[in-house]
Every structure is written in C-alpha cells, then in structure tokens.
Novice: 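Input: one structure, supplied below.
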Amino acid sequence: MGFLRRGLALPALLLSLVSSAYAHDAGVKATGNTVSFQVNLTWDDYQPAGIPRKMILANGQFPAPALRLKQGDDVEFLVNNEMPLPTTVHFHGVEQQGTPWSDGVPGLSQRPIPPGESFLYRWRATNHGSYFYHAHHRGQQEDGLYGAIHILSDESIERPFALISESQQDIQAMKLAETESIPIMLSDVRKLTSEELWNAEKAMGRDAVCANALLVNGKGSVTCLGQETLDKYTSVAQRGVLGNQSLTDIGCLPPNNLLAQGPWPHNLSAIPPTVFSECIPSTGLTERFYPDATNAYASFDLISAAFVSTITFSIDEHPMYIYAVDGNYIEPIKADGITITNGARYSVLVKLDKPRGDYTVRVANTGLNQIMYGTALMTYHNRNGTSQQHPSVPSINLVGSPTGNHTLLDETAIVPFAPQDVTQVDVAQTVILTLERYNASYTWTMGNSSFPLELEMDSPLLFYPQTGSKNFTLATHNGTWVDLIFDVANAVQPPHPIHKHSNKFYVLGSGNGKWNYTSVAEAAKHMPESFNFEAPQIRDTFATLPAATGPNWMAIRYHVVNPGAFLLHCHIQIHQSGGMALALLDGIDEWPEIPEEYQLVETEEESELKDDGF
Ligand SMILES: *[C@@H]1O[C@H](CO)[C@@H](O)[C@H](O)[C@H]1NC(C)=O
Ligand SMILES: *[C@@H]1O[C@H](CO)[C@@H](O)[C@H](O)[C@H]1NC(C)=O
Ligand SMILES: *[C@@H]1O[C@H](CO)[C@@H](O)[C@H](O)[C@H]1NC(C)=O
Ligand SMILES: *[C@@H]1O[C@H](CO)[C@@H](O)[C@H](O)[C@H]1NC(C)=O
Ligand SMILES: *[C@@H]1O[C@H](CO)[C@@H](O)[C@H](O)[C@H]1NC(C)=O
Ligand SMILES: *[C@@H]1O[C@H](CO)[C@@H](O)[C@H](O)[C@H]1NC(C)=O
Ligand SMILES: *[C@@H]1O[C@H](CO)[C@@H](O)[C@H](O)[C@H]1NC(C)=O
Ligand SMILES: *[C@@H]1O[C@H](CO)[C@@H](O)[C@H](O)[C@H]1NC(C)=O
Ligand SMILES: *[C@@H]1O[C@H](CO)[C@@H](O)[C@H](O)[C@H]1NC(C)=O
Ligand SMILES: *[C@@H]1O[C@H](CO)[C@@H](O)[C@H](O)[C@H]1NC(C)=O
Ligand SMILES: [Cu+2]
C-alpha cells in the first residue's frame, strides 16, 4: 500500500528542530520563507515523573522540540515513523488554509503513517501566536508526542502592549519578550500507555478519569498526598458527587461512583493498579525557567497538552498579564493564576521586578475528577542586586484555589483586541449536538452516535466523502455561516473543551439549563444577556460549563472559508477516543483538487467508490 507519497522531492536543507531554525531571514512575509523540520519518532523506554514506561520520543526528546516560526512562513514538517506503531501528527490550532491534506487526522485527511514510513506535512503559517503539534492517532497524544509552536506575528499586526504600560521602554521590553516567548507545555502522564489504557477501559467498563502526575515541559514527580490532606481539600462539589465516599489515594473519584461513571455495566476486578488508586510515589526532574532578567518582562506561552487534567497555573509573586488566547491578541487582563483546559493556549507577560532567585511555579488539577499537584521553578539568574532570601509566596493552593487576595483569570472577561461583530451574518445552518455518554461509561457522543475509533483506518473522508455516515459527519457549503449548539444533556459531565480544526470560531454564549430553542436568534430573544455577538471570543478550543447537577449549553458560530474535512471534538483524550467527535465536511461544494504528491494509492474497492461520484 502506498502510504508514502512517492516522487515528492524532500527539501534539500532539513534544519534540526532547535530554536536556531527561527534565525532565518526576516522581512519576507506573505510569500514566506520555507522552514523545514524533521522529527524521527521512536517508541522508547522513558521515566516521565520517575514512572518507567514506553513513550514516543521525537529526535530522542520528550516533549517534542519546539518550533519557532514567523507568520507567513511555509512549513515543511517531515515525520519519520521509526516506531512499531502507525501514527499521524496534527498542528493544533493551525488553520491549514488551502492545505486540508496536512491536518494530520487519520480517517479524515490521511491514512496513518505505517511503521518505517515517512510523511511530509506542508502548510503556511497564516495564523500567529501560540500553537502546538501532537499525535492524532487513537490515544497516542497520551504517549508523549507533543511540542510547542510559536508563530511570531507579522510586524504590521498591532500588539495590545500599550494597554499594559504606556511607557515606550516597557512596550519595547514586552515586544522583545514576545519574540523570545518561552513555551511551557503543561500536561499529565499515566503509568499505562494509551493502548493499555484503552484496553483497560474496555475490560473495566469505566472512564479512566485520572492521571498519575502533572508535568511542566515534561518534568514532574508522582506525589502521594495522603488521605488526611486529600480529605481536607475535597471540595463541596466533589463531596456532592462522592456522597459518603472518599477520594482514592491518587486523589481520584472512585471507579464505583455512580454519578461520575453512570449506570453502565462494569467489572471493577479488571482495573489495573494506578488507574484509579494504588499511589506509587516517584521522583522525576524539576523544570526550571531562566527568563532573561536583563529585560524588564518575560513572555510565556502556556499550552495545555493534558489528556484529562484541567490545569491551574501560577508563578509565585508574579502576576501575569494575559495578552493572547489561542494565538489571538486580547485586551490584556492581570491575574495571578489561569485555569487552562485541554488544548487551550494563553500567552502571558510577567514583570521581572523582584529580587533575583527562585520562584515556585505551581500547577494543580482543578477538575472535580482528581486532586493532583506539581511544581517547577522560575529563576532569575542574570541580574545584579539583592537576592531573594525567603521561600516564595504561593498565589494558589494545591487544588488551584487562589490564596489570600490573589485572583484567577475570569474566562468570561476575555475580550478580543480586534473584535469582530457577528450580529449581522446570515446563518445557513444551526446544528444541535448532544454531548453525553453513549452506551458505556467510557464511550461518548457528539450528535447522534459515537465516532468509531476504527474509522481512523478507513478511507479518509477528504478523499472519499461519500463513505461518511450522516451520524458523524456534517456537510457545509463554502462561504456560509454555521451555528453549533452543544447540548450537554445531563449531569455528571466535566467541562468538554471543544476543539475545532481549521479556522477559529466565535463563542456566542453558554448557560445552565436545557437548550429549548431551534436557533440562536430565537434563544437570544428569550435570554439576550446570555449572548455576545458584538465582541465574541475568537477561539479554536473552548470548554462547555461543568454539568455537576443538570444540563447546560454552549453556542458557537463559524464561517466556512476553508474547504476540506476537519474534525470537531472534545480535547479530553478519553472522550475523543470514546467517540466525542464529528467530521465537518466544510465547503464540500468547493473541495480542492488534491495535489499529486498527496494522492492515495487506492484499493480496488476505493477506486470503484470514486467512480460512483457523490
Ligand atoms: C533522523 O534520522 C535520519 C536517518 O537516520 C538522520 O539522517 C537524521 O539526521 C535524523 N534527524 C534528526 C533531526 O535527528
Ligand atoms: C454509602 O451510601 C450508600 C448509598 O447511599 C449506602 O448503600 C452505603 O451503605 C453507604 N456506606 C456507608 C459506609 O455509609
Ligand atoms: C472481570 O475481570 C476479571 C479480571 O480481568 C476477569 O477475570 C473476569 O472474568 C471479569 N469478569 C467478567 C464478568 O467479565
Ligand atoms: C553585574 O554587575 C557587573 C559589575 O558591575 C557587570 O559587569 C555585569 O554586566 C552586571 N550583570 C548584569 C546581568 O547586570
Ligand atoms: C494583597 O496582599 C499582599 C500581601 O499581603 C499585599 O502586599 C497587597 O497589597 C495586597 N493587594 C491588594 C490588591 O489588596
Ligand atoms: C454497546 O455496548 C455493548 C457492551 O456493553 C456492546 O456489545 C455493543 O456493541 C455496544 N453498542 C454500540 C452501538 O456501540
Ligand atoms: C446512527 O444514529 C442512529 C440514531 O442514534 C442509530 O440508531 C444508528 O445505529 C446510527 N448508525 C450508525 C452507523 O452509527
Ligand atoms: C441527528 O439526527 C437527526 C434526526 O435524524 C438529524 O436531523 C441530524 O442532522 C443528525 N445530526 C447529526 C450531527 O448527524
Ligand atoms: C470559500 O469561501 C471563502 C469565504 O467566502 C472565500 O474567500 C474562498 O475563496 C472560497 N473558496 C473557494 C475555493 O471557493
Ligand atoms: C428550558 O425550559 C425549561 C422548562 O420550561 C426551563 O426550566 C429551562 O430553564 C429552559 N432552558 C433555558 C436555557 O432557557
Ligand atoms: Cu469531553
């Protein structure tokens, strides 16, 4: 089978994946420079957080190396799959305008890259800001294939820094900090590999809602907090779910909790150690950031590649100015902590105005699912003057709640720096998508049925759109506007971070209660206060409200501008693997011709399908 496209000239110069790749000529924009990267993927023994297991290493590294680009760059990203497993790579948040074959989704845009073969992804960095790349085959993101991407905005794009300080010197310092923005990949890790986990879910009939450690740039430790501490920090909302139960020794909601797992058949004897309990402490490395303290500000890109945890992040004694979300500039907001759902990115500026020394970076899971905590360090070293004498003062506790007078970012207060009014658009389609468990505790739906994992091995929809069942595809026409309503049908469900591939969407509103309407316009008549059409958030990842006691809804709107097959899904990995996904066949009336080098070598059956037309 011809998975590897033949006859495709590989770029002559393959830079290695280091930040020096960023040092290419400045100046050329719209036409772009071509920047080439190469990842050699291997399936190796590793000890994330001191846990021995197999992981995916990229050029021998975990997390995968960061990419630095300039807006307008043409990217060539070569994946050499040296693993005994098929894989694909997705560029999260990158819109893939005009290159739907490079989106990296098996079953939609390509076939999985078989062991021993290669695939060259080619796309243009039309967006700017913070993104990341990750494996998109089955649950493989959990196995460690993820790396940061920073696309430096074109000079012509206005930054919101003057809203932080009017001083020209400060603004220059912020601009410099942005060009050197430090990626912070936040994630979680399990003892089990993604396939062991999937098999365990099937055997136990339970949704594996917990992890074993939080990681900051791949580093961390497994901490067993002890029952007394866990009981002390158990929240009111957790008690509501727990009833007379307690959290397990890994801080997890127990597997026999009816509210958290639903009334589905299960076999608790099939639960492997560490999935819900049996905490085994281990010590791994501690991440340390060394921002350039000769500059007055540092910029960080906070990126959540977590598979299940919702991570609250803070740096002791250093409030953050959040200035971009999912790559788009916002009106800066000052906060001491930020809660980051799976797949979301926040770019922040931090003023380096404290004595030199170490400041603790804290991460805490703030989902109901688990109490779990980790730390890293931020160190100013290249700075004269007094040094810090005391341990730094935390602004969040071990469950991510702000301490003292500290504040967390209020997600609803975010306003785009360049807002777009979507009041007047003509909405061609409104689709109500039910989010709930489907037939088992660990399988989920977004719409009418569960998106089957097996479809990843099928003929990709971009090539064979007529093979997609109406149950898990949605066809749209190019140039039209589409409203999607997520109907979180019942409790208990965590917030679902909805991620849309291709272009970003507008978050119109969300609220508690059952969605009773046929359109956003109708709903807005009844509850105008629940909607924002004038300056909605522009996101590629945005979470529904938690459904702790009843149903809720979220409404988003998007413009179909990029013909191709793009996935819409929950970014909690176990929900995605469990089928909470929908294939958007966007602009199906204007699908592009697929370039020669991306054509599949067809099976006979597929060839017949194609002749049938659609
Ligand atoms: C990837 O592997 C190839 C073949 O072994 C080697 O030539 C190349 O240098 C490797 N690339 C990186 C970035 O390590
Ligand atoms: C906990 O509650 C359940 C259901 O209400 C009940 O069956 C069980 O006996 C209770 N257990 C204890 C230890 O109180
Ligand atoms: C439950 O799991 C155990 C351990 O894997 C297995 O031996 C047993 O057969 C399972 N029970 C059922 C009813 O499937
Ligand atoms: C610290 O002070 C020394 C001596 O004045 C100077 O040479 C050096 O450049 C200073 N370093 C920094 C980081 O300011
Ligand atoms: C918050 O508390 C700190 C330490 O107690 C204090 O220095 C600071 O002024 C307080 N800030 C506000 C806004 O109250
Ligand atoms: C529902 O789950 C059962 C096992 O609990 C399985 O046999 C059946 O195939 C599932 N049905 C669907 C539609 O997934
Ligand atoms: C499609 O959805 C309907 C309604 O939920 C269901 O009865 C049917 O089995 C589904 N078909 C497939 C192929 O999943
Ligand atoms: C779900 O099924 C209903 C009724 O058959 C249909 O109108 C709707 O388009 C389907 N939704 C999706 C996303 O398939
Ligand atoms: C799709 O629609 C967008 C927005 O109307 C337009 O800019 C673009 O040219 C269209 N693409 C094609 C292939 O027609
Ligand atoms: C939908 O209708 C029910 C019953 O009238 C009401 O309780 C609920 O609040 C309504 N939901 C919304 C979102 O307005
Ligand atoms: Cu979800």
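For ligands, and for the atoms within them, numbers begin at 1 and follow the listed sequence.
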Novice: Going by atom types alone, do Asp586 and Tyr558 pair a side-chain donor with an acceptor below 3.5 Å?
Specialist: yes

Novice: Cation-pi check for Tyr442 against Lys202: NZ or CZ below 6.0 Å from the six-membered ring centre and within 45 degrees of the axis, yes or no?
Specialist: no

Novice: Only one of Phe37, Trp123, Tyr146, Tyr131 passes ring pair (Phe, Tyr, Trp, His ring centres under 6.0 Å) with Phe91; say which it is.
Specialist: Trp123

Novice: Please state which protein non-hydrogen atom is closest to atom 2 (O) of ligand 8 and give its distance, to 0.1 Å?
Specialist: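 Ranked first by proximity to atom 2 (O) of ligand 8 is Asn448 ND2, 2.2 Å.
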
Novice: Among protein heavy atoms, which lies nearest atom 1 (C) of ligand 9, and at what distance?
Specialist: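 Residue, atom and distance for the closest contact: Asn478 ND2, 1.5 Å.
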
Novice: Compute the shortest N/O to N/O distance between Thr473 and ligand 8 and return yes if it is under 3.5 Å, no if not.
Specialist: no

Novice: Does Leu474 have a heavy atom less than 4.0 Å from any atom of ligand 8?
Specialist: no

Novice: In the protein, which heavy atom is nearest to atom 12 (C) of ligand 10, and how far is it?
Specialist: Lys514 O, 3.2 Å

Novice: Quick check: His559 and ligand 9, any N/O pair under 3.5 Å apart?
Specialist: no

Novice: For the aromatic rings, using the six-membered ring if either is Trp, is the centroid distance between Tyr506 and Phe533 under 6.0 Å?
Specialist: no

Novice: Kindly state whether the ring of His90 and the ring of His501 have centres lying under 6.0 angstrom apart.
Specialist: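 Distance test on ring centres: under 6.0 Å, yes.
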
Novice: Note the single closest protein heavy atom to atom 4 (C) of ligand 9, along with its residue, its atom name and the distance in Å.
Specialist: Val561 CG1, 3.9 Å

Novice: Could you tell me whether Trp553 and ligand 10 have an N or O pair separated by under 3.5 Å?
Specialist: no

Novice: State whether any protein heavy atom lies less than 4.0 Å from atom 9 (O) of ligand 10.
Specialist: no

Novice: Check each of Leu433, Leu568, Ile432 against atom 13 (C) of ligand 8 and report the one with the nearest heavy atom.
Specialist: Leu433

Novice: Answer yes or no: is there a donor N or O on one side and an acceptor on the other, between the side chain of Gln71 and the main chain of Thr126, under 3.5 Å?
Specialist: yes

Novice: Can you confirm whether or not the ring centre of His496 sits under 6.0 Å from the ring centre of His571?
Specialist: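 No - the distance between ring centres of His496 and His571 does not fall below the 6.0 Å cut-off.
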
Novice: Which residue holds the protein heavy atom closest to atom 5 (O) of ligand 10, what is that atom called, and what is the gap in Å?
Specialist: Asn516 ND2, 4.7 Å

Novice: Please examine the side chains of Val94 and Tyr133, heavy atoms only from C-beta on, and report whether any two atoms are closer than 4.5 Å.
Specialist: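 Contact flag for Tyr133/Val94 side chains = no.
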
Novice: Decide if the gap between the ring center of Phe566 and the ring center of Trp101 is smaller than 6.0 angstrom.
Specialist: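 No, ring centres 6.0 Å or more apart.
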
Novice: How far is atom 14 (O) of ligand 10 from its nearest protein heavy atom, and which residue and atom is that?
Specialist: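 Here the closest protein heavy atom is Tyr517 OH, 3.0 Å.
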
Novice: Relative to the heavy atoms of Gly479, which atoms of ligand 9 are at a distance of less than 4.0 Å?
Specialist: 2 (O), 5 (O)

